[in-house]
Amino acid sequence: MLAAGGVVAFPTETVYGLGADARRDDAVGRIFAAKGRPSDNPLIVHVADRRTVDALAERVEDLERALMDAFWPGPLTLVLAARAGAVSPRVTAGLSTVAVRMPAHEVALRLVERSACPLAAPSANRSGRPSPTTASHVREDLDGLIDGIVDGGPTPGGLESTVVRLVAGALHVLRPGGVTAEQLAAVVGRGVPVLTAPAGPARHEPALDPPRSPGVRYAHYAPRGEMLLVSGADDATRIAAVREAAADARRAGRRVGVLACSEHADRFAEVAERVLDLGARARPEEAARRLYTLLRQCDALGLEVVVAEGVPERGLGAALMDRLRKAAGGRERRV
Ligand code: TXA
Ligand code: MG
């Protein structure tokens, strides 16, 4: 199917991707059509070997090679200077850069190898929906719109890859993900700052703006109900604020869900119709694995208000909070 210009969903270690031959305009166009994705949001190219990277990129800096050595195959996407003509201009949305990653998943790697083409693949969800972490999530969103799904079971990571770009001696994290800022800093060393993008929309003076991913301009993963994120370091204060917000919404006659860590789940049972369990507070990888399934459940349950308990913003917690903020559309109560 891929060789014939079709679009096929497949598992990676992060989320399911929707793949097509990155060199073909028509095939790549089908990805945008199936997802309903704006054409100015570029795609990640998935490779199975390092030689292909040199064919896609105009040049690769030593530091970029060091990052590939350290984290590939794995959830790190590098935005590199693009080699002209190597992929369809639709993949890069006309930019001079190309995003590349080597996934740490047997199925994804074999699919790239056996189709003999670099696979352009965004997450296999309809635009604005949570990324799919199972084949049935893909079917929910894209049934009838794509040519096939390779079902490799649930994806082990659950959050999308970290997207980075090296500019003027600094490593910019354009999207936090499975590889943490702490891990990146340990590889690039003291001389290279690792900079994370501030939250919020881009400003209008491009010269003052740090590099960004076009993707951060778009709304993401919003459940149909209204979501509120409650963040803060003190457990008791945070729990009280979640309880209060949930109880208020319930008194107003709305169907309320709470998204919380396992340890605190029973504190919310009486103020919510449903408590959705993010897993142990000390194990953010559990929350990462579950988050998108839980957000889809919020919709399936018809919840009108979802109050989410924030997690500590270090390590993988930074990527989790980024996704929770996006799901909440910026509604955050810091306590
Ligand atoms: O884990 C992942 O990265 C998954 C799996 C399938 O590999 N893919 C994924 O793709 O999350 P997508 O399209 O949902 O997100 C790609 C992100 C977007 O925010 C996009 O704007 C950014 O990468 N991106 C792609 N090419 C870029 C470029 N040349 N410069 C800056 N950002 C780029
Ligand atoms: Mg996506």
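Each ligand, and each atom within it, is numbered from 1 in the order the structure gives. None of the values given here were measured: they were computed from a predicted structure.
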Using a 3.5 Å cut-off on N or O atoms only, is Lys35 in polar contact with ligand 1? no
Return a yes/no value for Tyr16: is any of its N or O atoms, backbone included, closer than 3.5 angstrom to an N or O of ligand 1? no
Just which atoms of ligand 1 are under 4.0 Å from any heavy atom in Thr14? 1 (O), 2 (C), 4 (C), 5 (C)
Return yes when atom CG of Asp234 has more than 12 non-hydrogen atoms of other residues, nucleotides or ligands closer than 6.0 Å, and no otherwise. yes
Which is closest to atom 15 (O) of ligand 1 in terms of heavy atoms, Glu160, Met102, Arg175, Arg101? Arg175
Ligand-residue contact atoms, ligand 1 with Gly17, heavy atoms, under 4.0 Å: 6 (C)
Residue pairs fulfilling salt bridge (charged side-chain N to carboxylate O under 4.0 Å, His left out) with at least one residue in residues 90-102, sequence neighbours excluded: Glu13-Arg101
Taking 2.8 Å as the cut-off, does an N/O/S atom of Ser123 lie below it from the Mg ion (ligand 2)? yes
Going by the salt bridge (charged side-chain N to carboxylate O under 4.0 Å, His left out) test, which pairs reach into residues 110-127, not counting sequence neighbours? Glu106-Arg110
Please answer: with hydrophobic residues joined when any side-chain heavy atoms are less than 4.5 Å apart, are Phe10 and Val28 in the same cluster? no
Would you kindly say whether Glu160 and Thr14 are connected by a side-chain donor-acceptor distance under 3.5 Å? no
Identify the residue among Arg59, Arg65, Arg83 that makes a salt bridge (Lys or Arg N to Asp or Glu O under 4.0 Å) with Asp54. Arg65
Ligand 1 atoms in contact with Thr97 (distance to a heavy atom under 4.0 Å): 28 (C), 29 (N), 30 (N)
Can you list the atoms of ligand 1 that are under 4.0 Å from a heavy atom of Ser123? 8 (N), 9 (C), 10 (O), 12 (P), 14 (O)
Is there any N or O on Thr12 that sits under 3.5 Å from an N or O of ligand 1? no
At less than 4.0 angstrom from any non-hydrogen atom of His46, what atoms of ligand 1 do you find? 5 (C), 6 (C), 7 (O)
Using a cut-off of 6.0 Å, state whether more than 12 heavy atoms not belonging to Arg274 lie near its atom CZ. no
Scan side-chain atoms only and decide if Gln297 and Tyr292 contain a donor-acceptor pair under the 3.5 Å cut-off. no
Below 4.0 angstrom from a heavy atom of Pro122, which ligand 1 atoms are there? Numbered from 1 as shown, please. 10 (O), 12 (P), 13 (O)
Short N/O distance, under 3.5 Å, between Asn41 and ligand 1? yes
Considering only heavy atoms, does Arg165 approach ligand 1 within less than 4.0 Å through its side chain, its backbone, both, or neither? neither
Is the contact between Val79 and ligand 1 made by the side chain, the backbone, both, or neither, using heavy atoms and a 4.0 Å cut-off? side chain
Side-chain H-bond candidate by donor/acceptor type, Arg175 with Ser161, under 3.5 Å: yes
Do any heavy atoms of Thr92 fall under 4.0 Å from ligand 1? no
Count the heavy atoms of every other residue, nucleotide or ligand shown that sit under 6.0 Å from CZ of Arg283, and state whether that count exceeds 12. no
N or O contact, Thr77 vs ligand 1, cut-off under 3.5 Å: no
